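Structure, as structure tokens:
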Amino acid sequence: MLRLLAGNAVRLVLVAGCFLLAGYAVVTIVGPGSGGSGPYGTDPSLPWMAVWFLGALVLHDVVLFPLYAGGDRLLTLALRAVPATRVPLINHVRIPVLGSGLALLMFLPGIIRQGGATTLAATGLDQEPYRERWLWLTAALFAVSAVVWLVRTIVTRASSAGG
Amino acid sequence: MNRPVAPRRVVRWRSPIRGPWLTSVFALPLLVGMPIVIVTGLLDWVAYGEGQSIPAREDLGGLHLPVFAWPTDPAWLFRLTEGVHVGLGMVLVPLVLAKLWSVIPKLFTPPPLNPVRLLERFSLILLVGSVLFEIVTGLLNIQYDYVFGFSFYTAHYTGAWVFIAAFALHVVLKLPTMVRSLRSRSMRTELATPLADTVPEPPDDDGLVAPDPDPPTMSRRGALALVGGGMLFVGALVVGQFSDGLRRTALLLPRGRTTAPDSTERGGPNDFPVNRTFVASGIAVAAITDDWSLELTGGAAPVRLDRAALAALPQHTATLPIACVEGWSTLQTWTGVRLRDLARVAGLEPEQVCSATVRSIEVGPFAQATLHAGQVLSDDSLLAVQVNGADLSRDHGHPARVIVPALPGVHNTKWVGSIGFVRC
């Protein structure tokens, strides 16, 4: 019982330390007493920061994860309806989709042309080519995947014919 | 034969390769990489120094690295810290997503009754929330998409400290589990295990291993190759940001493109990335052409130099990188007058200079910068008038801009109007 309490006490101290440091950071830099403008010296955009903080979390858990997990499920079911191939198709579809999706996520502002005015003022460039480049990149990923699948199929057929 | 009754689960987890070993393999490079991203980020704050929109030292309550005068040697220092911070940060994104995938069943397990364990659960909200917050704000910043509306610097710096707190706790609490899990399977064996031989890990206490998984469609080595490949993919799209030779490969970022207005200037001396165009600065053309003169203060009386007078002073050429907060950088050859020579013209001997404030003709939050003594007196600190042998273009700060080794790009003031030397 004592060992349980002691173990829990150590964990409690560590966890409390984490919350204290995090809370101190928020309060000192953007919260009350931070010297920013606002009724008690709070940075007025603190609520918005909290929204984006929780929003990012929610976006991942409730949107992104179900999207790619659900998409993968649909892909698996769809491929069951198609006659099975010598080399399974599933990863040859998964990988280009994941690559294209990752690029879309990380470079979204350029691809959907958001922030154009600021980009122009900063770089002297528009955001025109990114969407097209992303589409070409996606096409290239699928093309390479298809070629690799073909090569694997041929090699498998050759080895099974020889063996 | 009675099957043990499994507890009702919210979701049926299908992947047969999910488990503590895989999670720990994802965790190991994060354990190495994240501290590097954190430290380089904190160092960048030191490099920026005071002023502009960066949170000031007195507003941080001690949450910063010890402040020291950012050196000018090596000249590529800020290029390194900022490039690593952004580049490594981006390369780690696929790994973070993979790690989250590997532990997501925990989101659906009921909250523990033990209050300490419950608090630990809440700390995961801080951990995941802050890492995603940093990633999102960082990515939006480098692409100039300020859709979030709040100050990037303040928010990103605050989020960093929340992440530091949560990450440190997570490592301390989970390190024994990670070591134990890594030892539970041999990496060499897994790398040699094809799809046909892939079997689930033994059931674990954390509930990561699915009790009733689908047959495997990807081996563990395949999953590792996928995530590693994703990281290389991001790296390939980002490396062009800080490599002049590979610039064109940054397909989806602004710094992969030429800034030349037409084909005649493509590849020319002024064809390198710009941050803040002349048009955006709002400066009148006359102010940088006919009307321009440089004012030097700090001595007995202000000294004014026009372009001819500036050209008559001894010129020095230096090859220096310029690096910006978005993580991009470029190496160019600059020609101009040494700042310490300008101090002499102003009437101060180099030993008498404590700092200098450079002011641009532009009006705005980034239109001035303060340099400390080491930065003013360095051999290669210049008021540049030429780059790569040609006059500076308007976008690059015509007729004169400051270039100082290892100084963050935003402090290398363009369209300089005056330099105020401060006596010690």
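These figures come from a predicted structure and were not determined experimentally. Order of the sequence lines sets the chain letters (A, B, ...), proteins ahead of strands, with each chain counted from 1.
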Using the ring of each side chain (for Trp, its six-membered ring), is A:W52 parallel, tilted or perpendicular to B:F148, with breaks at 30° and 60°?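 Correct class here is perpendicular.
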
Classify the ring geometry between A:F53 and B:F133 as parallel (under 30°), tilted (30 to 60°) or perpendicular (over 60°). tilted

Taking side chain as C-beta onward, heavy atoms only, is [X] less than 4.5 Å from [Y]?
X	Y	result
A:D61	B:I104	yes
A:M106	B:L252	no
B:M218	A:R94	yes
B:L63	A:Y24	yes
B:F233	A:L137	yes
A:W134	B:L251	no
A:L64	B:L97	yes

For [X] and [Y], work out which heavy atoms get closest and say how close.
X	Y	result
B:Y144	A:T119	CB-OG1, 3.6 Å
B:W161	A:A25	CB-CB, 3.6 Å
B:T217	A:N91	O-ND2, 2.9 Å
A:R133	B:A250	NH1-O, 4.4 Å
B:A166	A:C18	CA-SG, 3.7 Å
A:A56	B:L132	O-CD1, 3.5 Å

Can you tell me how far apart CH2 (B:W101) and OH (A:Y68) are? Round to the nearest 0.5 Å. 8.0 Å

Looking at chain B, which one of A:A16, A:G23, A:S45 has the largest number of heavy-atom pairs inside 4.5 Å, strictly under? A:S45

Identify which of A:G124, A:A117, A:G116, A:G99 forms the greatest number of heavy-atom pairs closer than 4.5 Å to chain B.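 Maximum pair count with chain B is reached by A:G99.
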
Quick check for you: among [options], which has the greatest number of heavy-atom pairs under 4.5 Å with chain A?
options	answer
B:V172, B:V279, B:L100	B:L100
B:L169, B:L173, B:T158, B:D145	B:D145
B:V128, B:L126, B:V136, B:T154	B:L126
B:A280, B:G256, B:A165	B:A165
B:D395, B:V131, B:V147	B:V147

Against chain A, label [X] side chain, backbone, both or neither, depending on which of its atoms sit under 4.5 Å from a heavy atom there.
X	answer
B:N275	both
B:P273	neither
B:I142	neither
B:F167	neither
B:L119	both
B:I125	both
B:S130	both
B:L60	both
B:A168	neither

With no hydrogens and no angle check, do the side chains of B:R276 and A:T123 hold a donor and an acceptor under 3.5 Å apart?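 No donor-acceptor contact under 3.5 Å links the two side chains.
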
Pair B:Q143-A:Y130, side chain to side chain contact (heavy atoms under 4.5 Å, CB included): steps then yes or no: CA-CA 12 Å; B:Q143 296 171 83; A:Y130 305 127; over 6 Å; no

Check step by step if side chain to side chain contact (heavy atoms under 4.5 Å, CB included) holds for B:R14 and A:T76. CA-CA 11 Å; B:R14 296 173 185 279; A:T76 318; over 6 Å; no

Considering only heavy atoms, which portion of [X] lies under 4.5 Å from any heavy atom of chain B: side chain, backbone, both, or neither?
X	value
A:L46	neither
A:L141	side chain
A:L14	both
A:L12	both
A:F65	side chain

Considering residues, nucleotides and ligands other than A:L74, do more than 12 of their heavy atoms fall under 6.0 Å from its CG? yes

Does atom CD (A:E132) have a neighbourhood of more than 12 heavy atoms from anything else shown, all under 6.0 Å? no

Step by step, work out the side chain to side chain contact (heavy atoms under 4.5 Å, CB included) result for A:F107 and B:L237. CA-CA 10 Å; A:F107 303 104; B:L237 287 173; 3.7 Å; yes

Backbone of A:A122 reached by a side-chain donor or acceptor of B:T277 within 3.5 Å: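 Pair absent, no side-chain N/O of B:T277 close to backbone of A:A122.
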
Note: B:R257-A:D126 ion pair, threshold 4.0 Å (strictly below): yes

Decide side chain to side chain contact (heavy atoms under 4.5 Å, CB included) for A:R11 and B:R117; before the verdict, give the C-alpha distance in whole Å, the side-chain angles of both, and the deciding distance to 0.1 Å. CA-CA 8 Å; A:R11 293 183 93 100; B:R117 301 283 170 157; 3.7 Å; yes

